[in-house]
Amino acid sequence: MTDILNVRGVTKSFPGFILDNISFYLPKGYIMGLVGPNGAGKTTTIQLILNILRADSGKIELFGLDNKEYEVRIKQDIGVVFDTSFFADGWKVKDVEKALSPFYDNWNKKHFADLIDRFELPRNKKIEKFSRGMQMKLMLSCALAHDAKLLILDEPTSGLDAVARDQLSEILQDYIKDGERSVLFSTHITSDLQRIADYITFINRGKLFYTGSLDGLVEKYSLIKGKPTELDDCLKDQMLGFRVTNVGFEGLAETSTITKTQSLILEPASLDDIILFASKKGANQ
Amino acid sequence: MTAIKMLKLDYLTMKPHLRTFSFMVLFVMIFLSVGSSITLILINISWYIALVAANIFAVEEKHNMGRLYGTLALNLRSIVLGRYLFILSLYLVTLCSVIIFVGLIPSLFPLSGNPLIIEHFLLSTSLSFLIFSLIVSGQLPLYFKMGYNKARIMSIIPFLFLFGLAALINYIDPLGVLNKVLSNEMGFSIFFFFCGIVVMMASYMVSLKIKNKQK
């Protein structure tokens, strides 16, 4: 199995924040969700991958090549979609193509035109007048028009309605189906990932919490529910995070460490549960 | 080569503003040309273009286009070099337009009745280029370091420096300096062009270092 992206021991420090020793890899043909609460370091990680920021230590390889040494060559094969458009005022679809196409050897005019038609983007409307969904589709069209082997999406679905998010999920699944391309998808909306992601990398407060298969993550943790009286110190120690209400408590723990008692309820944890409780633990530490 | 692509990208970025820009240049040219010498027109064009060219940083900042540059198949060197080439080309295009306007339509722009002397014209052009280089070379590293909004106030420093230099020459011996320059117009033309290029190159190196450090 060849890795499209390989991040090894990457550290980057800023005043008041350290992205600490992050390692993960993304094999060819899969979708990886990059998750974590606000300020966890997801965007910093993406900027390091794109060599917008330079790591203090560690190594990042894309397609087996160092991301600093072979930056221009690597970026020929990367498509990036952000949460908001980065195009200038007054540009129309044709201006975007004129601006971006010279940078890519594999830019396919026909494919770009087909994508614009498929996404029903108006050619004569200024991009500043596009809805957020349309802007996202335009960025996606640019990313796909040069036959990118890796798609990096940084919060592309924030502000999009369920229909647009569903469309994006379909496009991404279609994109990786030949087994030669991969997607790194950073998002807060974990329901999108639960449907399409094969791998998850979870960063919390600048540290790597988990990297591996989505199924592995979901199986690793369980949701525990019980009465407030059952919440003793031993159980608190076992849990990654918990919340207590008048009627009971619920928390997250590693399935293998839970000592099951008759009255405790164990439920499979969703990705949202894991992020929520693991972030709480981070906040409590 | 990718710097040229970046230069084109900058032109496309400024495309919606170029019509206004051209109109303003035309207006300034007409305004300045009435009864002015070519030297004065070219000098005024130099500071005016330097002032206007900074708008590319404003547009870049407004649309967070740094993110776009980060995704494109180009490196930092091309981004910085492309920006210098864009601003330089803007000046050169305007300079050529002025020369064509002033040279070819003398009936519209009476040049104080003086015939155009090639040495004098070269001296004026080189002086204009030197002033432009000094201003832009001081401003660009500031914009690269702090961004347009933060550097806007500080970007007047190069203007103040030039005013100070002019005041100093005026204080020391203005006629002496003028006579010295006019006694060897061709030599000083080459010297001014050379200084302008050196200053621009030094500024480019500083800007590149700043951008590298920001990473």
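Convention: sequence-line order gives letters A, B, ...; per-chain numbering from 1.
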*Quick one: side chain to side chain contact (heavy atoms under 4.5 Å, CB included) partners of Asn64(B), sequence neighbours excluded?*
Arg67(B)
*asked:* Under a 4.5 Å cutoff for heavy-atom pairs, which residue among Leu76(B), Asn212(B), Val59(B), Leu74(B) has the most contacts with chain A?
replied: Leu74(B)
*asked:* Given heavy-atom pairs under 4.5 angstrom as the criterion, report whether the side chain, backbone, both or neither of Lys8(B) touches chain A.
replied: neither
*Would you check, one step at a time, whether the test salt bridge (Lys or Arg N to Asp or Glu O under 4.0 Å) holds for Lys92(A) with Asp95(A)?*
CA-CA 5 Å; Lys92(A) 294 177 184 173; Asp95(A) 297 314; over 6 Å; no
*Would you kindly check if the NZ (Lys) or CZ (Arg) of Lys12(A) is within the cone defined by 45 degrees around the ring axis of Phe14(A) and under 6.0 Å from the six-membered ring centre?*
yes
*asked:* Less than 4.5 Å to any heavy atom of chain B: does that hold for the side chain of Asn51(A), its backbone, both, or neither?
replied: both
*Should we say atom CD1 of Ile18(A) is surrounded by more than 12 heavy atoms from elsewhere, each under 6.0 Å from it?*
no
_Most chain B-contacting option - heavy-atom pairs closer than 4.5 Å, from Thr84(A), Asp105(A), Leu50(A), Leu48(A)_ = Thr84(A)
*asked:* Please verify the inter-ring angle class for Tyr199(A) with Tyr30(A); under 30° counts as parallel, over 60° as perpendicular, anything in between as tilted.
replied: perpendicular
*Which bit of Glu71(A) comes within less than 4.5 Å of chain B, counting heavy atoms only: side chain, backbone, both or neither?*
side chain
*Count the heavy-atom pairs under 4.5 Å between each of Pro102(A), Ser85(A), Gly79(A), Gly90(A) and chain B, then report the option with the highest count.*
Pro102(A)
